[in-house]
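Within every chain, numbering begins at 1; the chains are lettered A, B, ... in the order of the sequence lines, protein sequences first and strands thereafter.
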Amino acid sequence: MAKPTAILAELKRKKKPGAEEYYRVRVGLATCGISAGADKIREEFDRLVKESGLKNVEVIPTGCVGRCDLEPMAEVTRGADTPVLYVHLTPEKVARIVREHLIEGKPVEEFF
Amino acid sequence: MVEEIKRKIVVCSGTACTDPGGKRLEPMLSKILQARGLEDQVEIEEAVGYGLCKNCPMIVVEPDEVFYGKLDEAKLQKIIDEHIIGGKPVEDLRVKGSVDTSSIRMLGSADFFGKQLRITLRNCGIIDPESFDDYLQMRGYEALAKVIESMTPEQVIEEIERSGLRGRGGGGYPTGLKWRQTAAVCSYPARECPTEPPEQRYVICNADEGDPGAFMDRSAIEGDPFCLIEAMTIGGYAIGANRGYIYVRAEYPLAIKRLEYAIAGARQRGLLGENIFGSGFSFDIEIRLGAGAFVCGEETALIASMEGRRGMPRPRPPYPAQAGFYDCPTLINNVETWANIPAIILNGWEWFSNLGTEKSKGTKVFALAGKIKNTGLVEVPMGTTLREIIYDIGGGIRHDKQFKAVQTGGPSGGCIPEQFLDTPVDYESLMRAGSMMGSGGMIVMDEDTCMVDVAKFFLTFTQGESCGKCTPCREGTKRLLEILTRITEGNGVVEDLEKLEKLSNHVKRASLCGLGQSAPNSILSTLQNFRDEYIAHIEAKHCPAGVCSALLDYVIDPDKCVGCTLCKKVCPVDAITGEPKNVHTIDPSVCIKCGECKKKCPVKAIYLD
Ligand SMILES: Cc1cc2nc3c(=O)[nH]c(=O)nc-3n(C[C@H](O)[C@H](O)[C@H](O)COP(=O)(O)O)c2cc1C
Ligand code: SF4
């Protein structure tokens with residue numbers, strides 16, 4: 001009979017790792033984020049990513065990192081790049097992040 | 001020459017560090033160590049993520065506790081040559097304040113994360129709480145696999161005991177001891193065990209979280225529901241239970257949804273339910289919704305409510321460990337207590353017992369709220385001072401006002417004044433400062449906060465939430481609230497202070513459960529530290545902070561008033577006199593303090609004094 005650790009290793013293998021050049025947009029979607037409007041922000045990311053036909057972007061929900069006063073926020077990561085955290089997001093900011101960061105590859109310094 | 005000290009390199013295995021894009025450090029490290037013939041002298045260990053993922057990939061060199069981040073092979077070589085062999089930390093690779101400021105510039109202060117140590121919140125804001133696979137990638141279920149594969153229940157209990165973990169639900173009871181007591185042969189009261197099958201045991205997670213202003217447990221579940229399910233399964237294995245319940249308030253719909261997802265995901269993968277990991281051990285979890293009464297967070301009331309009875313505490317003993325849910329031995333722990341379990345199993349009790357202070361091990365999560373710049377959730381090692389939490393992590397007082405007090409422990413706790421700001425947070429020190437750890441609420445107050453009003457706020461809460469079972473609590477809190485109200489309305493007399501103190505002590509001594517026993521704490525601690533504010537309310541009929549509206553008069557600033565007559569028109573009791581284009585005045589003996597004039601004034605000439 002298989003050992004628990006072996007079974008677990010098998011379960012882990014089932015998920016294929018995402019490609020390294022993928023952008024991951026993690027939107028803080030705990031109650032604090034949602035009450036600040038994070039669900040709209042996620043929809044906006046989803047919509048724009050789809051509209052722009054971006055195939056290398058994953059929009060993922062995540063929990064609260066602890067700074068509830070800065071919600072809604074999203075973290076953009078790619079491979080070993082320095083993660084960029086955008087805070088106090090609005091649909092306008094999202095549009096610029098998608099255009100400049102996700103499409104053109106330049107983090108929107110202005111929002112730092 | 002390797003120094004005398006035997007060093008250990010701990011490799012972070014947080015998300016970013018193990019992200020597909022991240023480079024794996026361990027193989028590199030082993031290679032470098034081997035090349036220098038040090039493989040037997042330096043231990044490499046993998047730790048649950050440090051949550052400082054802006055620096056990944058990273059390592060920690062122990063026992064010096066030096067954090068190095070953003071590593072690659074060349075940097076690792078340098079660290080091994082200079083630090084491990086040479087004994088001198090490599091300053092320019094060190095993570096300053098444990099955090100790289102470049103990616104968190106917008107978080108205000110690097111110290112927000114720098115002084116934190118995230119164990120229970122390690123996955124929050126990092127994994128997708130709706131992806132079971134994400135959790136598995138974060139060493140999820142490795143603790144359960146380890147426990148089932150290589151530990152006996154007794155060994156698990158021993159591991160938790162030695163770690164020194166104490167309950168995070170407020171009481172601080174040693175968790176390992178509670179596990180041992182629940183696992184002990186069912187003996188209370190001396191009778192034949194009536195349950196079917198005999199020796200039935202239960203595991204409960206207390207996620208009721210009723211303190212006003214507290215949201216630690218909610219955030220923890222919403223950010224990582226999986227960890228709780230894994231931890232409870234470990235608990236079930238350790239004490240010999242096959243059923244677990246999560247008691248969570250119905251007001252937390254998102255937390256409930258994510259828990260349901262985590263439970264379903266675990267069942268589907270054979271990690272919950274019958275025959276877990278094919279080992280023969282079975283354990284399943286059900287969610288029970290609480291209706292939101294504060295007293296239902298008390299363990300015996302919680303159990304009563306789960307059994308379908310009215311949520312009222314009962315005398316202990318018997319403790320739930322002896323006779324709990326349907327009179328069976330029941331292990332009840334708080335969300336945060338549970339969240340520590342997998343990390344302790346994976347990293348070992350020594351690791352955990354090295355964190356924190358002598359009697360309070362590990363970390364504590366606080367919900368920072370009130371007049372503080374950075375509000376939110378923080379997790380710090382026990383022993384961090386209140387000052388560090390408020391000023392370094394919390395960024396100080398909003399609008400740079402003067403700090404007045406910090407309230408910890410929720411409605412059961414007290415207000416800690418400036419002179420105790422260097423108190424380290426641990427169970428005993430907070431008690432000595434006149435408050436308590438509680439479940440982790442931390443409300444910061446500035447010069448504009450009236451301490452009598454604060455006491456009144458908490459009393460209003462506890463008085464409303466008293467279940468009414470015992471007279472001292474039911475009637476006592478009511479009388480205390482009446483006195484406080486009287487004082488804030490300017491009708492207090494000096495004898496009231498003595499009455500407050502006396503009655504408070506009676507309520508504390510004669511109440512059955514923690515609610516009544518601690519309800520007067522907010523009064524006693526403010527009376528002790530801010531007595532002059534009470535006296536100002538009583539003798540001078542003055543509220544120094546300008547909060548208690550009954551003690552304030554509306555006044556028109558003659559320099560600002562333009563004589564527009566708007567205030568005069570809106571006043572419902574004709575307290576305002578004045579001719580058009582001339583300065584108006586308010587007659588305080590007529591004024592009913594409705595505040596309408598202040599709202600109406602176009603030049604903001606009306607203020608409270
Ligand atoms: C009035 C009252 C409210 C309580 N509310 C909670 C609560 O919301 N969450 C919690 O975990 N413990 C609460 N407790 C403490 C529990 O009774 C119990 O001690 C705790 O769940 C034990 O878990 P621990 O050992 O992990 O801390 C409350 C106690 C009292 C007296
Ligand atoms: S102390 Fe208060 S809340 Fe607790 S049992 Fe008595 S009446 Fe109920």
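- Using a 4.5 Å cut-off between heavy atoms, Phe215(B) contacts chain A through its side chain alone, with no backbone atom that close.
- Neither the backbone nor the side chain of Ile276(B) comes within less than 4.5 Å of any heavy atom in chain A.
- The structure places CD of Glu130(B) at 10.5 Å from OG1 of Thr62(A), a figure rounded to the nearest 0.5 Å.
- Counting heavy atoms from C-beta outward, Arg24(A) and Asp128(B) have side chains that stay 4.5 Å or more apart.
- Contact detail for Arg118(B) and Gly66(A): the closest heavy-atom pair is NH2-CA, 4.0 Å.
- Heavy-atom neighbours of Lys75(B) NZ from other residues, nucleotides or ligands within 6.0 Å: above the threshold of 12.
- Highest contact tally toward chain A, considering only Val365(B), Ile221(B), Leu136(B), is held by Leu136(B) [criterion: heavy-atom pairs under 4.5 Å].
- Taking all atoms of both residues into account, the shortest heavy-atom contact from Cys64(A) to Cys124(B) is O-CB, 3.5 Å.
- The nearest pair of heavy atoms linking Arg67(A) to Asn374(B) is NH2-OD1, 3.0 Å.
- Here the closest heavy-atom approach between residue Pro129(B) and residue Gly63(A) is recorded as CD-N, 4.1 Å.
- For Glu149(B), there are no salt bridge (Lys or Arg N to Asp or Glu O under 4.0 Å) partners, not counting sequence neighbours.
- With a threshold of 4.5 angstrom between heavy atoms, Arg218(B) approaches chain A through side-chain atoms but not through N, CA, C or O.
- Within a 6.0 Å sphere centred on CD of Gln155(B), heavy atoms belonging to other residues, nucleotides or ligands number more than 12.
- With rounding to the nearest 0.5 Å, the separation of CD1 in Ile126(B) from CZ in Arg26(A) is 8.0 Å.
- Here the CG-OG1 distance, from Leu144(B) to Thr5(A), works out to 11.5 Å after rounding to the nearest 0.5 Å.
- Taking OH of Tyr141(B) as the reference point, atom CG of Leu8(A) lies at 10.0 Å (rounded to 0.5 Å).
- Using a 4.5 Å cut-off between heavy atoms, Leu121(B) does not touch chain A at all.
- Residue Ile34(A) touches chain B through its side chain alone, counting heavy-atom pairs closer than 4.5 Å.
- Using a 4.5 Å heavy-atom cutoff, the side chains of Leu11(A) and Leu271(B) are in contact.
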